[in-house]
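These notes are about the structure you will find just below.
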Amino acid sequence: MNQYAVWGNPITQSKSPRIHQLFAEQTKKSLQYQARLGDEEKFEQQLLDFFAQGARGANITSPFKERAFALADLHSESCLQAKACNTLKRLDDGRLYADNTDGLGLVADLKRLEWLKPQQKVLILGAGGATKGVLYPLLQEKQQVTLYNRTAEKAVSLAEKFAKCGKIQTACLHEMAEQSYDLIINATSLGLQGKYVELPSVVFSTAKVYDMQYTVDMQTPFLNYVRSQGAMACQDGLGMLVGQASYAFELWEGVLPQIEPVLAILQAEMK
Ligand code: ATR
């Protein structure tokens, strides 16, 4: 039976084992997928041991995505662009192939929602790992990206790095108030502390709002805030989570599972 695991620290909260179990049932594949706690000191050795024992693939989550990227022998284009890896596959010759399916997962979810139109104006909040992971696929989809970050220099440096991939710029709060956006994506880690980035309320009059964080009934701090500011269409990141997992599953098992049925089961189970 093919062995897989998700590695992170903390890891008990991970929904990946359940998602991959549901994918396996849906596609009639037999596999084992566990959650593993990565050690800050020994993560690389843990991962090498895992593959040496015959594992076929791994998902990597916070805080190890950059370290997994560095450990891998080969990388996909989106992984190279993000310099972070969320999916590893052991090749037949033993080398480790690194991919980053986070951005594809987001794009798949935006397509599911019919929220992805070419040349849209997309405002992304945050310039950390979550943003880096999704910029390349969004720019490939011809999205016109504006980055806003508390630490402006980080946004500027990301925009410079990705300028070769498409249209990308930065904005500060007052510039934002003079623009209109089709889509706002929250990629900050603030929600984990129950907080959110406050924006000029005018930006919510036209935009759909997507939060990469997820929670029961889409009640994330950011989505609750934007609803109070009059935003009409809001979605959380559970679909992105299932989407990124579906591309990892395809890389490993050769079949792309359907997102919708699994998303519906997870939503029901989270209540
Ligand atoms: P992740 O991998 O989740 O993206 P990260 O790389 O640490 O985590 O990035 C966190 C993002 O949330 C950053 O954009 C960060 O802004 P800074 O670059 O200014 O730190 C943003 N963030 C975290 N706490 C924040 C806060 N209190 N206010 C505004 N932005 C915050």
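Atoms within each ligand, like the ligands themselves, are counted from 1 in listed order.
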Specify the protein heavy atom at minimum distance from [atom]: its residue, its atom name, and the distance to 0.1 Å.
atom                    : answer
atom 20 (O) of ligand 1 : Arg150 NH2, 2.8 Å
atom 31 (C) of ligand 1 : Leu190 CD1, 2.9 Å
atom 9 (O) of ligand 1  : Gly128 CA, 3.4 Å
atom 19 (O) of ligand 1 : Thr151 OG1, 2.4 Å
atom 15 (C) of ligand 1 : Asn149 OD1, 3.9 Å
atom 10 (C) of ligand 1 : Ser189 OG, 3.3 Å

Exercise for the section: Give a yes or no on whether atom 7 (O) of ligand 1 lies under 4.0 Å from any heavy atom of the protein. Expected result: no

Practice task
Rounded to the nearest 0.5 Å, what's the gap from SG on Cys85 to CD on Glu66? Could you check?
Solution key: 10.0 Å

Problem - Between OG1 on residue Thr220 and CG on residue Asp236, distance to nearest 0.5 Å - result: 6.5 Å

Exercise for the section: Examine the proximity of ligand 1 to Ala127 and report which part, side chain or backbone, both or neither, has a heavy atom under 4.0 Å away. Expected result: backbone

Specify whether [X] and [Y] have parallel, tilted or perpendicular ring planes, treating 30° as the upper limit for parallel and 60° as the lower limit for perpendicular.
X      : Y      : value
Trp252 : Tyr4   : parallel
Phe222 : Tyr225 : tilted
Phe249 : His20  : parallel

Problem - Under-4.0 Å salt bridge between Asp99 and Lys89 - result: no

Counting from 1, what ligand 1 atoms have a heavy atom of [X] closer than 4.0 Å?
X      : value
Gly126 : 14 (O)
Ala130 : 1 (P), 2 (O), 4 (O)
Lys154 : 17 (P), 18 (O), 20 (O)

Exercise for the section: Please confirm whether Ser62 comes under 4.0 Å of ligand 1, counting heavy atoms of the residue only. Expected result: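 No, that is not the case, since the closest heavy atom of the residue is not under 4.0 Å from the ligand.
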
Practice task
Mind listing the closest non-hydrogen atom pair of Trp7 and Leu37 along with its distance?
Solution key: CZ3-O, 4.0 Å

